[in-house]
Structures are given as C-alpha cells and as structure tokens.
Amino acid sequence: MTNRQSNIIFYSVIFLTISALLIKFFIPSAFDGFTKSQEERVIKEAVANQEYNKAIASYKSLVGQHISDGDEYTIETADMYEEIARLYALLGNTTLEQEHYLKSLAVKTQLDKVDLYSFANTYYQLGSIAQNEQKYDQAINFFEKSLSTRLGDVEQPIVEDDGMFIGMQKSRIKYLKLNHEDTIATYKKLAAIHRLQQEYAIAKGYYEKALAASKNTFGEEDVRTLKIVTLLKKM
C-alpha cells in the first residue's frame, strides 16, 4: 500500500467518525432505529439461548429509551412490559411478572385506542397469577374484567333500525366473541375457582357457558368439549 492510499484511508476514517459524531450531536434520534434493532437482535439471541435475564436487561433498556424520548404511554411500551413479564414467568419470579403486567395495564389505561383483546389478555394473565397464589377473590375480579372486556356489549339487543346488513354483522361479531377459545378458557377458570369456593351453582353456570361455546368452536366430540362434559357431571 502506498503512502497516498494510506492517507486516503486514514482521512476517510476520520471524516466518517467526525460525521457520525456531528449527526449524533445535532440529530440524536438518527441512531435510534439502529440502536433499537441491535437491542432486538440481542433479545432474540438471548431468548433463544434461554438467557432470560440478559433479554430482560435489553427490554428495560428499550423501555428506558422510550420513557426518555417521551414515549412512555404507547402500546409499544405496554407490549415490552408484557414481554418482560413473560420472561419473569419463565424465571419463576411471579412477583416481578405481576408487577410488569400491572405496568402494562397502567400504560394501556392512558391510551385512547387500545385493542380490547389486548386488555382482556392482560387481565387474564393477572387472574392466572392470583389463582396460582390462591388469591381467589382477586383472581375472580381479574377474570371477570377479562371476560367483560372481551365480550363487550354482546348482551345488548340488536336494534331493528340498524338494518339487516348491520344486524347480521353484529350477530356475527357476537357469535365470534362468545365462541372464542380465550372466552372458553376464561369461563373454565371462573368455574374452577367458584367450585373451589363451594359456590356450585355459579360454577355450574360458567361450565355450561364454556360447554355451549366449546361445542360451537371445537365440536361436540372434541376432547376439549368432552372434558367440560366430564366436569359438569361431577357437579
């Protein structure tokens, strides 16, 4: 390599370094996307290698970046809290799992538009944690919130003034909400807790709702439906 080529490479490196520093100084957000993609790659590799604490640290770094950028109350931040909660679940740390689901919930309640199913899922996870800790009243509260959020206004009658097409759409949405796998799971959770508390009439009611939905969703001969039949026979 000649002296001229060496000088070209040397000054090119200096130019690129100075340019990067100037961009970082005057436009701090310019590297956010690159930093984020780096963190996401670290998280993906850490989870694949079951290095959950490393993945949690990266998620917390991203959350901190969001908060410092004024993006604390975004659905992306809420989703990251839930990912952290799931990682703590894998580590068996129920306390921090619950803490981060509650943080996600706190963010979602500040947003104007949030997928109701996302809300319902967070309530369901919090209910499951409370159930495992035998905090049954708390679990029932969370599962009922999950159910009411998921089902929404399915009990509202269809108004004739809506017209046939709108009425058909509402009937279809109502059917899909009532006959959803997650709805069935929530019915079963509530039934199981009420049964433990010897509230058999309430438990039976939830099992019957779960059975009706399971028949529509999975079929009468499906093993999941037959399990609910068995549970009802034991009531």
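In the hydrophobic clustering of ILVMFWY residues, with side-chain heavy atoms under 4.5 Å counting as a link, M80 and Y73 come out together. The hydrophobic clustering, which links ILVMFWY residues whose side-chain heavy atoms are closer than 4.5 Å, places I202 and M235 apart. If you chain together hydrophobic residues whose side chains sit under 4.5 Å apart, L232 and L196 never meet in one group. In this structure, L91 is not a member of the same hydrophobic cluster as V42, with clusters built from ILVMFWY side-chain heavy atoms closer than 4.5 Å. The same ILVMFWY cluster, assembled from side-chain heavy atoms under 4.5 Å apart, contains both I67 and L111.
One finds a salt bridge joining E99 and K103 here, because a Lys/Arg side-chain nitrogen approaches an Asp/Glu carboxylate oxygen to under 4.0 Å.
T149 contributes a side-chain N or O that, together with a main-chain N or O of K145, makes up a donor-acceptor pair within less than 3.5 Å. Judged by distance alone, with hydrogens and angles left aside, the side-chain atoms of S146 form no donor-acceptor pair with the main-chain N or O of F142 at under 3.5 Å.
Nearest heavy-atom pair across V107 and E72 is CG1-O, 3.8 Å. Between A139 and G127, the closest heavy-atom pair is CB-O, 3.5 Å. Across K108 and S118, no two heavy atoms sit closer than the pair NZ-OG, 2.7 Å.
Annotation: side chain of F119 is in contact with side chain of L105 (closest heavy-atom distance under 4.5 Å). Two residues are said to be in side-chain contact when any heavy atoms from C-beta on lie closer than 4.5 Å; T94 and N132 fail this criterion. By the 4.5 Å heavy-atom criterion applied to side chains, E76 and D71 are not counted as neighbours. You'll find the side chain of K60 reaches within 4.5 Å of the side chain of I56, heavy atoms only. L126 has its side chain out of reach of Q138: every pair of non-hydrogen atoms, C-beta onward, lies at least 4.5 Å apart. Residues R150 and L116 are not in side-chain contact: their nearest non-hydrogen atoms beyond the backbone lie 4.5 Å or more apart.
One distance of note links CD of Q110 with CG of D112; it measures 9.5 Å at 0.5 Å rounding. Taking OH from Y59 and CD1 from I84, the interatomic distance works out to 8.0 Å, rounded to the nearest 0.5 Å. Taking CD from E181 and CZ from F218, the interatomic distance works out to 4.0 Å, rounded to the nearest 0.5 Å. One finds the NE2 atom of H180 at 11.0 Å from the CG atom of L151 (value rounded to the nearest 0.5 Å). For the atom pair CG of N93 and OH of Y88, the computed distance is 6.5 Å after rounding to the nearest 0.5 Å. Remark: S128 OG to Q98 CD distance equals 11.5 Å, nearest 0.5 Å.
More than 12 heavy atoms of other residues, nucleotides or ligands sit less than 6.0 Å from atom CD of E144.
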Q: Using the side chain to side chain contact (heavy atoms under 4.5 Å, CB included) rule, take L90 and V47 through it: C-alpha gap first, then chi angles, then the decisive distance, then the call.
A: CA-CA 10 Å; L90 291 170; V47 172; 5.8 Å; no
Q: Any chance you could lay out the side chain to side chain contact (heavy atoms under 4.5 Å, CB included) test for D137 and Q197, step after step, and finish with the verdict?
A: CA-CA 10 Å; D137 289 340; Q197 294 186 319; 3.5 Å; yes
(Q) Apply side chain to side chain contact (heavy atoms under 4.5 Å, CB included) to residues L62 and I43 and explain how you reach the verdict. (A) CA-CA 11 Å; L62 286 174; I43 290 167; 4.0 Å; yes
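Applying the ring pair (Phe, Tyr, Trp, His ring centres under 6.0 Å) test to Y124 and every residue at least two apart in sequence or in another chain returns F143.
If you run side chain to side chain contact (heavy atoms under 4.5 Å, CB included) between I184 and each of L211, N216, T217, only T217 comes through. For the pairing with S104, the side-chain hydrogen bond (donor to acceptor under 3.5 Å, both in side chains) check across E82, E83, Q125 returns one residue only, E82.
For the residue pair T74 / T77, a side-chain donor-acceptor distance below 3.5 Å is found, with atom types taken as modelled.
The side-chain hydrogen bond (donor to acceptor under 3.5 Å, both in side chains) pairs that include a residue from residues 198-208 are H194-E199, where partners are two or more places apart or lie in different chains. Applying the side-chain hydrogen bond (donor to acceptor under 3.5 Å, both in side chains) test to pairs two or more places apart or on separate chains, those with a residue in residues 218-235 are S214-T225, D222-R224.
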